Amino acid sequence: MKHITTIFVLSLCITTGFSFAQEGETYDTGEKVYDISTIDLEPNVDPIYLNNIKRTWVNQAEAQKSEGIIEDYFIYRSINPYDGDFDLILMTVYPNLAALDNNPKNRKKWDRATEKAQKAISQEATQELIATYGKLRTIRDQKLMREIKFRK
């Protein structure tokens, strides 16, 4: 009798486990990783900041894209900015989380991307521009995210 009770309890646990598992299986999590930053700009600095990040952030993203580190990058601007809320979203798309791993293969790609970016603008010039960012903007948030796709 003890043996039958144990089998019944195990069967119940397994069946209950499967019913809970099925509820969570209505969607898939994508492999791509999205690095998303929200930026609050000071009043009337949009053109300055955007021109500066074109020379720094976009330049680096282009070099990273050419090395296969990232798939793409995007900048989104709010059409209805509110004081204290973010004005821009900067997004970088990585093919997967492994692209961010610190290993010899990835380090070589990152080093080549850095060299390419520095051909367009020196590290010193980049640092000078980045030093002005504190007066132009506040980073509200930064997150790594993955896309959720619902199954049909």
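Keep in mind the model is a prediction, meaning the values are calculated, not measured.
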Pair [X] + [Y], salt bridge at N-O below 4.0 Å:
X: Arg137; Y: Asp40; value: no
X: Lys32; Y: Glu71; value: yes
X: Asp111; Y: Lys109; value: no

With no hydrogens and no angle check, is any side-chain donor or acceptor of [X] less than 3.5 Å from a backbone partner on [Y]?
X: Asn96; Y: Ala99; value: yes
X: Thr138; Y: Arg140; value: no
X: Tyr133; Y: Asn52; value: yes
X: Asp28; Y: Lys149; value: no
X: Asn106; Y: Ala98; value: yes
X: Asn59; Y: Ala117; value: yes
X: Asn103; Y: Lys105; value: yes

Are [Y] and [X] connected into the same hydrophobic cluster when the rule is that any two of I, L, V, M, F, W, Y join if their side-chain heavy atoms are below 4.5 Å apart?
X: Ile139; Y: Val58; result: yes
X: Ile89; Y: Val45; result: no
X: Tyr49; Y: Phe74; result: no
X: Ile36; Y: Leu97; result: no
X: Ile69; Y: Leu100; result: yes

Quick one: pull up [atom1] in [X] and [atom2] in [Y] and give me the separation to the nearest 0.5 Å.
X: Ile70; Y: Gln60; atom1: CD1; atom2: CD; result: 10.0 Å
X: Tyr73; Y: Met91; atom1: OH; atom2: CE; result: 12.5 Å
X: Glu62; Y: Gln64; atom1: CD; atom2: CD; result: 10.0 Å
X: Tyr94; Y: Asp35; atom1: OH; atom2: CG; result: 5.0 Å
X: Ile39; Y: Ile53; atom1: CD1; atom2: CD1; result: 7.5 Å
X: Leu88; Y: Leu50; atom1: CG; atom2: CG; result: 5.5 Å

* Report the C-alpha distance between Ile75 and Trp57 in whole Å, list the side-chain angles of each, state the deciding distance to 0.1 Å, and finish with yes or no for side-chain contact (heavy atoms from CB on, under 4.5 Å). => CA-CA 10 Å; Ile75 301 173; Trp57 188 82; 3.6 Å; yes
* **Derivation and outcome, salt bridge (Lys or Arg N to Asp or Glu O under 4.0 Å), residues Arg77 and Asp87** => CA-CA 6 Å; Arg77 184 179 189 178; Asp87 302 300; over 6 Å; no
* Count the heavy atoms belonging to other residues, nucleotides or ligands that lie under 6.0 Å from CD of Glu31, then report whether that count exceeds 12. =>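 For Glu31, atom CD is not crowded (no more than 12 foreign heavy atoms under 6.0 Å).
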* Give a yes or no on this: more than 12 heavy atoms of other residues, nucleotides or ligands lie within 6.0 Å of atom CG of Asn44. => no
* To do: Identify the two heavy atoms, one from Lys65 and one from Asp72, that lie closest to each other, and give their separation to 0.1 Å.
  => NZ-OD1, 3.1 Å
* Of the non-hydrogen atoms in Ala63 and Lys116, which two are nearest, and what is the gap between them? ->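 Minimum heavy-atom separation between Ala63 and Lys116: CB-CB, 3.9 Å.
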* Asked: How would you list, by chain and number, every residue that makes a side chain to side chain contact (heavy atoms under 4.5 Å, CB included) with Lys108, sequence neighbours excluded?
  ->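 For Lys108, the residues satisfying side chain to side chain contact (heavy atoms under 4.5 Å, CB included) (neighbours in sequence not counted) are Arg112.
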* Does any non-hydrogen side-chain atom of Tyr76 lie less than 4.5 Å from one of Thr38? ->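 A side-chain contact under 4.5 Å is absent here.
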